[in-house]
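Structure, as structure tokens:
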Amino acid sequence: MAKKGAISAAVVKRLPRYYRFLGELKKQGVERISSGELSRRMQLTASQIRQDLNCFGGFGQQGYGYHVDELREEIGKILGVDRKFSTIIIGAGNLGRAITTHIHFDTRGCELVGIFDKNDSIIGTSVGEGLSVRHIDELEQFCKERHPVMAVLCIPKAETQQIADTLVHMGVKAFWNFSHYDLSIGYDDILVENVHLGDSLMTLTYGVNVLMPPQ
Ligand code: NAI
């Protein structure tokens with residue numbers, strides 16, 4: 001396995017896609033795949049795939065291709081999906097509930113242990129499997145007991161920095177940040193992954209705009 005930090009950010013961005021593709025191949029009962037076939041399916045060049053996988057030792061064999069399950073497992077270890085990082089969600093509104101219900105945290109290295117909100121009328125309501133919304137006032141005590149290391153932020157922009165500061169203070173190390181707030185925490189060792197679905201949509205409208213130029 002590669003040493004921590006030894007893989008470039010660009011390669012890391014592609015690893016979840018490899019992992020997902022290999023999972024689909026595994027489901028289809030495919031045991032091994034040639035680099036040519038993998039590159040055709042993933043619409044990457046075979047040399048790109050080779051370069052990516054060589055970053056952590058390379059798993060292909062000349063004339064054999066890749067062993068689907070082994071490669072998937074190895075990439076999974078690099079991504080940490082075999083871990084159980086304790087994770088909480090802040091904000092149990094539309095987005096927080098959708099994420100709780102539809103993201104399979106447990107197959108992605110996370111254990112969802114709590115969801116918090118400040119709206120009294122939804123405290124105690126159930127979300128997803130076996131979770132009920134806790135009041136944000138319980139957050140600090142909860143963190144002292146359960147030590148979450150990751151937090152998903154589904155709260156309005158204006159609330160984000162203060163909540164993030166509290167969470168960092170309580171030991172949270174990484175944020176999956178959906179609030180439209182540029183979370184630039186002044187701590188060196190905090191990881192932030194900002195998600196903007198609107199940006200993804202605009203990447204698509206750019207393409208459509210090129211395809212169908214204004215008359
Ligand atoms: P929502 O209004 O349904 O839910 C927000 C929830 O956060 C509410 O239940 C509210 O009580 C709670 N909340 C507010 N301040 C809080 C605090 N300090 N502590 C605990 N809970 C708090 O809104 P929705 O639709 O769930 O969206 C949430 C946020 O995510 C919004 O800021 C929205 O703009 C953003 N968003 C971002 C997307 C993205 O692609 N990044 C996509 C959709 C929404």
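What you see is a predicted model, and the numbers here were worked out from it, not measured in a lab. Ligands are counted one by one from 1 in listed order, and the atoms in each one are counted from 1 as well.
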Can you tell me if Asp106 uses its side chain to pair, donor with acceptor, with the backbone of Cys110 under 3.5 Å? no

- Query: Right, does atom 2 (O) of ligand 1 have protein non-hydrogen atoms nearer than 4.0 Å?
  - Reply: no

| Do any nitrogen or oxygen atoms of Leu197 lie less than 3.5 angstrom from nitrogen or oxygen atoms of ligand 1? | yes

Under 4.0 Å from one or more heavy atoms of Gly91, ligand 1 contributes atoms 7 (O)

Problem set entry | Heavy-atom donor-acceptor pair, His104 side chain to Thr107 backbone, under 3.5 Å | no

Closest to atom 10 (C) of ligand 1 (heavy atoms only, candidates Asn119, Thr160, Asp137, Asp117) is Asp117

Among Asp120, Ile155, Ile163, Leu95, closest by heavy atom to atom 27 (O) of ligand 1 is Leu95

* Asked: Is the number of heavy atoms from other residues, nucleotides or ligands within 6.0 Å of CD (Glu31) greater than 12?
  -> no

> Salt bridge or not for Glu37 and Arg41, using N-O below 4.0 Å?
Replying inline: yes

Could you go through Gln141 and Glu145, starting from their C-alpha distance and side-chain angles, then the distance that decides it, and tell me whether this counts as side chain to side chain donor-acceptor pair (under 3.5 Å)?
CA-CA 6 Å; Gln141 187 58 35; Glu145 288 166 14; 2.9 Å; yes

Does ligand 1 come near enough to Glu159 that some N or O of the ligand is less than 3.5 Å from an N or O of the residue?
yes

**Q.** Between Thr125 and Arg97: side-chain donor-acceptor atoms closer than 3.5 Å
**A.** yes

request  = Please say whether Val195 places an N or O atom under 3.5 Å from an N or O atom belonging to ligand 1.
outcome  = yes

Atom 33 (C) of ligand 1 has as its nearest protein heavy atom His180 CD2, 4.3 Å

closest protein heavy atom to atom 4 (O) of ligand 1 is Gly93 CA, 3.2 Å

heavy-atom search around atom 20 (C) of ligand 1 in the protein gives Lys118 N, 3.5 Å

So for Cys154 against ligand 1, with non-hydrogen atoms under 4.0 Å, the contacting part is backbone

Phe178 versus ligand 1: do any nitrogen or oxygen atoms come within less than 3.5 Å of each other? yes

Is the ring pair Trp176/Phe105 parallel, tilted or perpendicular, if the boundaries are 30 and 60 degrees?
perpendicular

>> Quick check against the 3.5 Å criterion: does Arg17 have a side-chain atom that pairs as donor or acceptor with the backbone of Met42?
In response: yes

Answer yes or no: does atom CD of Gln162 have more than 12 heavy-atom neighbours from other residues, nucleotides or ligands under 6.0 Å?
no

protein heavy-atom neighbour closest to atom 14 (C) of ligand 1 works out as Pro156 CD, 3.3 Å

Measure from NZ or CZ of Arg72 to the centre of the six-membered ring of Tyr19, then state whether that distance is under 6.0 Å and the direction lies within 45° of the axis.
-> yes

Note to self: Would you say atom 23 (O) of ligand 1 makes contact with the protein, given that contact here means a non-hydrogen protein atom less than 4.0 Å away?
What the structure shows: no

If we number the atoms of ligand 1 from 1 as shown, the ones under 4.0 Å from a heavy atom of His196 are 40 (O), 41 (N)

